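Structure first, then comments.
All values derive from a computational prediction rather than experimental measurement.
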Amino acid sequence: CVILFLSAAYGNYVGGIDAPAMLLYALAIVLAAIVLNTRVQMVFLFLSLVSCMGFGLAHAGGYLPTPRSAGTMFANRVAIVFAALTSISLGVWFLTNQYQRSLVHVRKSAENIRAIFETVTDGIVFTDLSGNVLDLNDALVKLYDLGSKEQVLGRSIFDFIAPQDYILAIDFYQQILLGKTGISLECLSTLLKGHEPIVLEVNAALFLESDGRPAGFVSTVRDITQRKHIETELSGYRGHLEDLVEERTAELKEAYSELESFSYSISHDLRSPLRRIDGFMNILVEDYADQLPEGGLSYINRSRENIQHMSELINDLLAFSRLIRQPVNCRRISPAEIARSVTNELKAGEYHNRDVEVIIQNLPDCEADPVLLRQVYYNLLDNAFKYGYLQGKTCIEIGSKQDEAGQIIYYIADNGIGFDMQYATRLFGVFQRLHSSKEYEGTGIGLATVERIIRRHGGRIWAESEVNRGSTFYFVLNEQ
């Protein structure tokens, strides 16, 4: 391009506005457009206009002394012809080289595409718009157990689909032709004689002519027979599992009904005899106290105390049964308010004459059942009041903290008598006590109730303690 431009400029310098020179300008501009880019083409166009008009006006005004003679014109023509032939030869060489490189690139791309086409595990088939097979890969040949591709080329793809799915397949390809995407076809396929039909999953798309018109379909074909067998087996297992769930649900309903009957029995059939026994013993003491020896009266009083304890056990067991069956109605509540209410109730009631200091930190709100969470704080604080009494002043701290995962952990710590951690696994069992009832009152239901409530809130509870150095009970709700 530069050679052509310089030759044209020399021609203008010698002969003014000259036709051969204009031809060289045109060749330079055309080659710049073909070989380089539009920006360079515009640069050569601008320079050509400036050169042509500049030298032309200079000649017309007599500013260039170059004489216009036969000798100078001959040299001008020779230079122009030489430059034109050289530039054209270089342009042809460049275009030929680019063409050869493009052919190699296209051939390499075609080989790579063919290699992918032949190595994928799914079958791939090209058909025209009528469904006649144009090409297919080795995976499809193996799928149909064919000897060679030639057995399939030219045949209709619908020949390999079971008759009952023929209309379904035609409708599928019509939808693809109308431009619908994201659909697939599941159909039975007929193989060679002696083979069982298989289930195929077919996905398809249009491939186009150079002018954008549809030329045919490219389809991927996958054998999903084994997957269908597995789905059928899973469906059977699912049905069996649903039957088992229904059976277990019926058993649970029956057990629940029995539990209701048991609770009723405890409430009426057991407490009534206890009340009668206690009443008879009370009559015995009131009417025949002067006839009973001192030892007999002692036995009667101890019996009445055990009857009272048995009644408390029955009441706690009934309360425990009701709590574990009560529905959980969670809402946003303030644990601090609940802890403060329970503390005031305990201080005003059974522990009104005891020296107890309770520190309640700012506790974050939580999602919980207010009635059940109040029972949790009541039972835990009642234990803290109870087991801290013999240590002089009882100090209780109610607070919360976050673990590394950001989970809120609520806790109640006291300076009470504590317990040996080797017995910690017994804490939350029904009727499990770590201290005798002679030293501390209770039935062994309180912590079991707490553990069930926390578990029904999707949480957990645990404790840390040392003998004579206090205890700390931790719990989380809706554990992540």
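Using a 4.5 Å heavy-atom cutoff, the side chains of L200 and F160 are not in contact. The closest side-chain heavy-atom distance from K149 to D138 is below 4.5 Å. At a threshold of 4.5 Å between non-hydrogen side-chain atoms, the residues F126 and L136 do not count as touching. Contact annotation: the side chain of F473 approaches that of L447 to within less than 4.5 Å [non-hydrogen atoms, C-beta and beyond]. Within the 4.5 Å cutoff, the side chain of T343 has heavy atoms near those of the I398 side chain. Contact of the L140 side chain with the N137 side chain is registered, since non-hydrogen atoms from C-beta on lie closer than 4.5 Å. Between L188 and V199 the shortest side-chain heavy-atom distance falls below 4.5 Å. Inter-residue side-chain proximity for T225 and H229 is flagged as met; some heavy-atom pair is nearer than 4.5 Å.
More than 12 non-hydrogen atoms from other residues, nucleotides or ligands lie less than 6.0 angstrom from CD of E209. More than 12 heavy-atom neighbours from other residues, nucleotides or ligands sit within 6.0 angstrom of CG on D243. Other residues, nucleotides and ligands contribute only 12 or fewer heavy atoms inside 6.0 Å of the CZ atom of R469. Atom NZ of K142 has 12 or fewer neighbouring heavy atoms from other residues, nucleotides or ligands inside a 6.0 Å radius. For M42, the CE atom is loosely surrounded, since the number of other residues' heavy atoms within 6.0 Å does not exceed 12. Counting non-hydrogen atoms of neighbouring residues, nucleotides and ligands closer than 6.0 angstrom, the CZ atom of F46 reaches no more than 12 such neighbours. Heavy-atom contacts from other residues, nucleotides or ligands closer than 6.0 Å to CG of L168 number more than 12.
No side-chain N or O of S130 forms a donor-acceptor pair with one of N132 less than 3.5 Å apart.
Paired with L477 under the rule side chain to side chain contact (heavy atoms under 4.5 Å, CB included), one option of I453, D369, I408, L373 passes, and it is L373.
Contact detail for H457 and C330: the closest heavy-atom pair is CD2-SG, 4.0 Å. Contact record, S400 with Y410: CB-CD2, 3.9 Å, taken as the closest heavy-atom pair. Among all heavy-atom pairs drawn from T127 and V133, the shortest one is CG2-CA, 3.9 Å. In terms of heavy-atom proximity, A413 sits nearest to T472 at CB-OG1, 3.4 Å. Nearest approach of R331 to P370, heavy atoms of both residues: NH2-CG, 3.4 Å. Between L372 and V328 the shortest heavy-atom distance is CD1-CG2, 3.9 Å.
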### Task
Run the numbers on S219 and I124 for side chain to side chain contact (heavy atoms under 4.5 Å, CB included), then give the verdict.
CA-CA 6 Å; S219 306; I124 300 177; over 6 Å; no
### Task
Report the C-alpha distance between I176 and F172 in whole Å, list the side-chain angles of each, state the deciding distance to 0.1 Å, and finish with yes or no for side chain to side chain contact (heavy atoms under 4.5 Å, CB included).
CA-CA 6 Å; I176 296 297; F172 169 72; 4.2 Å; yes
### Query
What do the steps show when you test D171 against Q175 for side chain to side chain contact (heavy atoms under 4.5 Å, CB included), and what is the final call?
CA-CA 6 Å; D171 181 66; Q175 292 185 63; 2.8 Å; yes
### Task
Could you please spell out the steps behind the salt bridge (Lys or Arg N to Asp or Glu O under 4.0 Å) verdict for E251 and R248?
CA-CA 5 Å; E251 292 176 357; R248 296 295 182 267; 3.8 Å; yes
### Query
Going through the checks in order, is the side chain to side chain contact (heavy atoms under 4.5 Å, CB included) test met by I157 and Y173?
CA-CA 11 Å; I157 192 174; Y173 279 102; 3.7 Å; yes
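For Y377 and F475, the gap between ring centers is short of 6.0 Å.
The backbone N or O of T449 lies less than 3.5 Å from no partner atom in the side chain of N379, so there is not a single donor-acceptor pair. Between the S184 side chain and the V202 main chain, no donor and acceptor come within less than 3.5 Å of each other. Listed for the D365 side chain is no donor-acceptor partner under 3.5 Å among the backbone atoms of R332. The closest donor-acceptor contact from the side chain of T249 to the backbone of V245 lies under 3.5 Å.
Annotation: the span from R452 atom CZ to Q375 atom CD amounts to 14.0 Å, rounded to 0.5 Å. The CG atom of N478 lies 7.5 Å from the CD atom of E367; values are rounded to the nearest 0.5 Å. Note: L381 CG to R374 CZ = 10.0 Å, rounded to the nearest 0.5 Å. Between the OG atom in S156 and the CG atom in D128 there is a gap of 8.5 Å [rounded to 0.5 Å]. Rounded to the nearest 0.5 angstrom, E357 CD and E397 CD are separated by 10.0 Å. Note that CD1 of I167 is 12.0 Å distant from CD1 of I161, once rounded to the nearest 0.5 Å.
Salt bridge status for R340 with E337: absent, with no side-chain N to carboxylate O gap under 4.0 Å. In this structure, R238 does not pair ionically with E242, as no charged nitrogen and carboxylate oxygen lie closer than 4.0 Å.
Note: Y411 and Y474 have tilted aromatic rings, judged against thresholds of 30 and 60 degrees for the angle between ring planes.
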